[in-house]
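In this text, all values refer to a predicted model and were calculated from it rather than measured experimentally.
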Amino acid sequence: MPLSTQSQADDEQYVLVASLDNARCLSNILKAITFKDHAIFSATPNGLKVTVEDSKCLQANAFIQAEIFQEFTIREDLVGFQVNLTVLLDCLNIFGGSTVPGVSTALRMCYRGYGYPLTLFLEEGGVVTVCKINTQEPEEPIDFEFCSTNVTNKVILLSESLKEAFSELDMTSEVLQITMSPSQPYFRLSTFGNSGNAHYDYPKDSDMMELFRCTKTQTNRYKMSLLKPSTKALALSCKVSVRTDSRGFLSLQYLVRNDDGQICFVEFYCCPDEEVE
């Protein structure tokens with residue numbers, strides 16, 4: 001096991017220790033939510049949740065389950081800190097993020113608790129680099145109060161079809177309009193850009209649609225500038241769940257399979273720009 005030369009005594013001073021044989025599994029997921037410098041890390045015995053927010057209108061969460069790590073030790077019920085995500089990604093890719101088959105960077109991430117830096121031990125080809133990143137007290141993430149009991153409409157699509165839609169719609173549009181309905185057009189994406197209005201419709205029995213559950217017709221607009229950060233997660237994902245609640249808030253949940261075939265989730269919450277009658 002890489003980096004296992006650290007003694008048990010060293011480990012006991014940390015409230016959180018997480019090890020990966022391949023640091024790219026973590027850096028890929030973090031890249032998917034990097035649209036602001038700072039991220040809130042919350043660790044529980046179930047794993048790691050990383051939250052990034054933008055002006056109380058957009059929130060992204062990456063969930064990395066404890067099983068994905070080769071070692072995941074936590075000595076408190078909840079360990080939280082805030083860290084500069086850009087700096088963290090630079091450290092994770094310190095060896096250049098090698099994509100050579102059989103060559104990977106092993107990671108051991110350790111945190112001693114409040115006031116201490118986040119310490120990364122990175123090893124590739126027998127060379128170990130230690131990075132220490134200052135941490136801050138985590139801010140309380142916004143609670144979008146998006147709960148499954150208030151979800152009115154939900155579809156699950158293959159990510160390929162959403163990528164295709166985004167390539168055909170006019171991304172100069174200031175908003176993306178989403179219509180979800182029990183009747184036609186079922187699920188429609190619309191833009192209003194420089195080259196006119198464009199619509200992209202999905203039949204509810206489309207091969208690209210894995211689940212279609214709509215209880216009422218809803219049409220909402222969302223600022224394109226808020227949705228654009230989620231396209232990084234879309235590019236990595238194989239499926240996406242699109243949900244709206246009774247207030248028109250949007251949840252985009254992406255299922256991402258890492259290099260080892262394990263599954264992580266990245267979720268974006270976005271508040272509506274305006275409701276369309």
Side-chain angles (χ1 to χ4, degrees), residues 24-35 49-50 52 58-65 67-68 99 146 148 151-171 173 175-191 193 197-224 226-245 248-270 272:
R24 214 153 62 107
C25 294
L26 181 60
S27 65
N28 280 350
I29 285 289
L30 294 181
K31 278 178 197 162
I33 59 165
T34 304
F35 54 90
K49 176 183 173 186
V50 187
V52 180
L58 177 70
Q59 183 184 86
N61 295 294
F63 301 93
I64 305 126
Q65 290 92 327
E67 306 85 73
I68 284 172
T99 52
F146 194 101
S148 50
V151 169
T152 48
N153 296 319
K154 176 180 180 177
V155 301
I156 297 177
L157 301 164
L158 296 181
S159 297
E160 278 308 312
S161 66
L162 201 54
K163 289 177 201 169
E164 191 179 305
F166 283 157
S167 69
E168 291 190 19
L169 291 166
D170 187 346
M171 299 313 253
S173 175
V175 293
L176 176 71
Q177 182 173 293
I178 299 178
T179 301
M180 298 170 89
S181 173
S183 54
Q184 280 190 316
Y186 303 117
F187 184 57
R188 168 178 280 183
L189 304 176
S190 308
T191 52
N197 299 354
H199 303 291
Y200 196 98
D201 290 355
Y202 293 83
K204 67 174 179 178
D205 54 0
S206 158
D207 292 343
M208 293 294 177
M209 187 87 69
E210 193 170 285
L211 177 91
F212 179 85
R213 193 181 295 147
C214 292
T215 59
K216 68 176 226 182
T217 300
Q218 267 185 313
T219 301
N220 285 288
R221 291 183 175 183
Y222 305 92
K223 280 197 167 69
M224 195 67 89
L226 293 176
L227 293 178
K228 273 185 178 162
S230 77
T231 55
K232 289 183 190 172
L234 175 63
L236 290 171
S237 68
C238 47
K239 286 181 195 174
V240 55
S241 157
V242 182
R243 296 181 298 161
T244 51
D245 70 5
F249 278 63
L250 177 69
S251 154
L252 296 169
Q253 192 177 59
Y254 297 95
L255 186 151
V256 178
R257 213 172 245 112
N258 69 16
D259 292 353
D260 301 329
Q262 294 163 311
I263 286 168
C264 300
F265 289 95
V266 176
E267 186 162 40
F268 284 79
Y269 292 119
C270 183

Where [X] and [Y] come nearest, the two heavy atoms and their spacing:
| X | Y | answer |
| --- | --- | --- |
| A32 | A233 | CB-CA, 3.8 Å |
| Q65 | C264 | OE1-CA, 4.0 Å |
| G248 | N220 | CA-ND2, 3.5 Å |
| R257 | I263 | NH2-CD1, 3.8 Å |
| M171 | K228 | O-NZ, 3.4 Å |

Taking atom [atom1] of [X] and atom [atom2] of [Y], what is their separation to the nearest 0.5 Å?
| X | Y | atom1 | atom2 | result |
| --- | --- | --- | --- | --- |
| C270 | Q59 | SG | CD | 11.5 Å |
| T231 | F35 | OG1 | CZ | 11.5 Å |
| R24 | K31 | CZ | NZ | 8.0 Å |
| C238 | L157 | SG | CG | 12.5 Å |
| S173 | N197 | OG | CG | 8.5 Å |
| L234 | S159 | CG | OG | 5.5 Å |

Could you pull out all residues at least two apart from F146 that satisfy ring pair (Phe, Tyr, Trp, His ring centres under 6.0 Å)? Y269
Take I156 and S241 through the side-chain contact (heavy atoms from CB on, under 4.5 Å) test and state the conclusion after the steps. CA-CA 4 Å; I156 297 177; S241 157; 4.0 Å; yes
If the plane angle is over 60° it's perpendicular, under 30° parallel, otherwise tilted; pick one for F187 and Y202. tilted
Got a donor-acceptor contact below 3.5 angstrom from the [X] side chain to the [Y] backbone?
| X | Y | result |
| --- | --- | --- |
| S161 | L158 | yes |
| Q218 | D245 | yes |
| T215 | T152 | yes |

Heavy-atom side-chain proximity of [X] to [Y] below 4.5 angstrom:
| X | Y | result |
| --- | --- | --- |
| Y254 | L236 | no |
| S206 | F212 | no |
| E164 | Y200 | yes |
| T191 | M224 | yes |

Output yes when K49 and E267 qualify as a salt bridge under the 4.0 Å nitrogen-oxygen rule, no when they do not.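 Looking at K49 and E267, the cut-off is not met.
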Verdict with supporting geometry, L250 and I178, side-chain contact (heavy atoms from CB on, under 4.5 Å): CA-CA 10 Å; L250 177 69; I178 299 178; 4.0 Å; yes
Short side-chain donor-acceptor distance under 3.5 Å, Q177 and T219: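 The criterion, which ignores hydrogens and geometry beyond distance, is not satisfied for Q177 and T219.
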The complete set of salt bridge (Lys or Arg N to Asp or Glu O under 4.0 Å) pairs with one or both residues in residues 197-208, sequence neighbours excluded, reads R188-D201
Assess whether atom CD of Q262 is packed by more than 12 heavy atoms of other residues, nucleotides or ligands within 6.0 Å.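 More than 12 heavy atoms, drawn from other residues, nucleotides or ligands, come within 6.0 Å of this atom.
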Does K163 have more than 12 heavy atoms from other residues, nucleotides or ligands lying within 6.0 Å of its NZ? yes
Trace of the side-chain contact (heavy atoms from CB on, under 4.5 Å) decision for L252 with V242: CA-CA 5 Å; L252 296 169; V242 182; 3.9 Å; yes
Would you check, one step at a time, whether the test side-chain contact (heavy atoms from CB on, under 4.5 Å) holds for L169 with L176? CA-CA 9 Å; L169 291 166; L176 176 71; 4.1 Å; yes
Return the set of residues passing side-chain contact (heavy atoms from CB on, under 4.5 Å) with T34 (not counting sequence neighbours), or none when no residue passes.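 L85, L89, K232.
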Just to verify, which of F166, Y222, F268 counts as forming a side-chain contact (heavy atoms from CB on, under 4.5 Å) with L227?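 Running side-chain contact (heavy atoms from CB on, under 4.5 Å) over F166, Y222, F268 with L227 returns exactly one hit, Y222.
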